[in-house]
Amino acid sequence: MTTFTPSSSAETLSTVQWAAAEETPLELLGHGSKRGIGRPLQTEHTLDLSKLAGVTLYEPAELVLSARAGTPLAEIEQLLAENGQQLAFEPMDYAPLLGGEPGRGTMGGVLASNLSGPRRLKAGAARDHILGVAAVSGRGEAFKSGGRVVKNVTGYDLSKLMANSWGTLAVLTDVTFKVLPAAETEVTLAIRGLLDDAAVAAMALALGSSAEVSSAAHLPQRIAARVASGRHGSDAATLLRVEGFGPSVVYRIEALKQLLGQAGPLEEIAGEASKTIWRDIRDCWPFADGKTGPVWRVSMAPSQAHHMVMALRMQAAVDAFYDWQGGLVWLSMREDDPEAELLRGLIRKYGGGHATLVRASAPHRAALPVFEPQPPHLAALSARLKAEFDPKQILNPGRMA
């Protein structure tokens, strides 16, 4: 096996051109923090982009940052924090869940996997903040899309097309993201002791109010003890995050208290303690147990998700918690459960959605459709895109399908 470690865009282009000419598949790799997601690859060669690193442009006043694809996300977040800014979509770090070292994700991986966090219902995901990319297609052709301003007209938005492609369409070499000011104040209001159905009703009420809740989550009993090192107890916790200027946050938290005062015992969690909770929810710490048991990420209608989970629990051993970024449910299951067929069947029964297997052993991932199977018309479109960008199937072959 050969590992190529280019340190420039030109070297990256040369490597892909060689692979295309030889019709030799490549595994694309940053720091490997998400290497265990997707079907196992059978490739002799690896294209390691970890040396393709560094910030190439940062203009705080213009809210724009450009970096090479292999730049560690942790370095970007530190730089932004020093300037009172952030990636508003708070990209998830998969490393704790997959048994890796936290903080090893890269900027290219952020876009390739379309990362997001608990603020997604307000801020969106990576694809909603990407401004431009430079990349190399599987044909061995360098291309650019977008630019360094929020508004640009360049034809097809290939930057967004790269989101959630998992390295199967092109090798990202440079990315440009929109950044935003960080919130001055953050407070989380916790309602304790609610069952799933009552928690759904409380979150719906809060999100429909004028309190401008930026994140909502429900941690059932026992799951709550796995967040923030258990400092907030093991009772079920329904969490509502409010961010912004200090006086505004105080006013909106009081409004939520009046609205939800009858729902259950209320607790305010502020500052760094609040940030720790949402960081743990973002990174799926409740299931970061060092094991390889299956963990699923399910997105479906918020009003139906708890019904689906209840039906699933009647047929399989499952732990679950809800990160309400558009109806997101994290599920931990056992390998001997008929999980994929059962889970996806129940999702269809309760209104539809999609499920992704984000952690499992290599044999388990090889035996299951890791990503949600696409309807025929979308699968045909995906196949045409793959044929246009990577006709010789050299980039992460078989990872997604």
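We're numbering straight along the sequence, starting at 1.
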What's the verdict on side chain to side chain donor-acceptor pair (under 3.5 Å) for Thr46 and Asp48, showing C-alpha distance, side-chain angles and the deciding distance? CA-CA 6 Å; Thr46 299; Asp48 182 342; over 6 Å; no
Taking only residues at least two apart or on different chains, which pairs with a member in residues 246-259 satisfy side-chain hydrogen bond (donor to acceptor under 3.5 Å, both in side chains)? Ser248-Arg252, Lys257-Glu268
Let me check something: any side-chain donor-acceptor pairs from residues 200-217 under 3.5 Å, sequence neighbours excluded? List them with distances.
{"from": "Ser209", "atom 1": "OG", "to": "Ala206", "atom 2": "O", "distance (Å)": "2.6"}
{"from": "Ser209", "atom 1": "OG", "to": "Ala211", "atom 2": "N", "distance (Å)": "3.2"}
{"from": "Ser214", "atom 1": "OG", "to": "Arg241", "atom 2": "O", "distance (Å)": "3.3"}
{"from": "Ser214", "atom 1": "OG", "to": "Glu243", "atom 2": "OE1", "distance (Å)": "2.8"}
{"from": "Ser215", "atom 1": "OG", "to": "Pro118", "atom 2": "O", "distance (Å)": "3.0"}
{"from": "Ser215", "atom 1": "OG", "to": "Arg241", "atom 2": "NE", "distance (Å)": "3.1"}
{"from": "Ser215", "atom 1": "OG", "to": "Arg241", "atom 2": "NH2", "distance (Å)": "2.7"}

Restricting to pairs with a member in residues 26-38, which pass side-chain hydrogen bond (donor to acceptor under 3.5 Å, both in side chains), not counting sequence neighbours? Glu27-Arg35
Across all chains, not counting sequence neighbours, the salt bridge (Lys or Arg N to Asp or Glu O under 4.0 Å) partners of Arg279 are Glu272
How would you list all residue pairs meeting side-chain hydrogen bond (donor to acceptor under 3.5 Å, both in side chains) that involve residues 379-389, not counting sequence neighbours? Gln374-Ser382, Lys386-Asp390
Considering only residues two or more places apart or on different chains, which pairs with a residue in residues 344-356 satisfy side-chain hydrogen bond (donor to acceptor under 3.5 Å, both in side chains)? Arg344-Glu372
Indicate every side-chain donor-acceptor pair of residues 71-80 with a distance under 3.5 Å to a residue at least two apart or in another chain.
{"from": "Thr71", "atom 1": "OG1", "to": "Gly54", "atom 2": "N", "distance (Å)": "2.8"}
{"from": "Thr71", "atom 1": "OG1", "to": "Gly54", "atom 2": "O", "distance (Å)": "3.3"}
{"from": "Thr71", "atom 1": "OG1", "to": "Arg68", "atom 2": "O", "distance (Å)": "2.8"}

Set of residues satisfying ring-ring contact (aromatic ring centres under 6.0 Å, His included) with respect to Trp166, sequence neighbours excluded: Phe371
Those residues that, when tested against Asp289, pass salt bridge (Lys or Arg N to Asp or Glu O under 4.0 Å) (two or more places apart): Arg359
For Phe245, does the CZ atom have more than 12 heavy-atom neighbours from other residues, nucleotides or ligands under 6.0 Å away? no
Using the test ring-ring contact (aromatic ring centres under 6.0 Å, His included), find all partners of Trp278 that sit at least two apart in sequence or belong to another chain. none
Can you establish whether the number of heavy atoms outside Lys275 located under 6.0 Å from its atom NZ is more than 12? no
Could you list the donor-acceptor pairs under 3.5 angstrom formed by side chains in residues 292-314, with sequence neighbours left out?
{"from": "Trp296", "atom 1": "NE1", "to": "Glu339", "atom 2": "OE2", "distance (Å)": "2.8"}
{"from": "Arg297", "atom 1": "NH2", "to": "Gln325", "atom 2": "OE1", "distance (Å)": "3.4"}

Under 30°, 30 to 60°, or over 60°: which ring-plane class applies to Phe4 and His45, parallel, tilted or perpendicular? tilted
Can you list everything that forms a ring-ring contact (aromatic ring centres under 6.0 Å, His included) with His129? Sequence neighbours excluded, please. Phe89
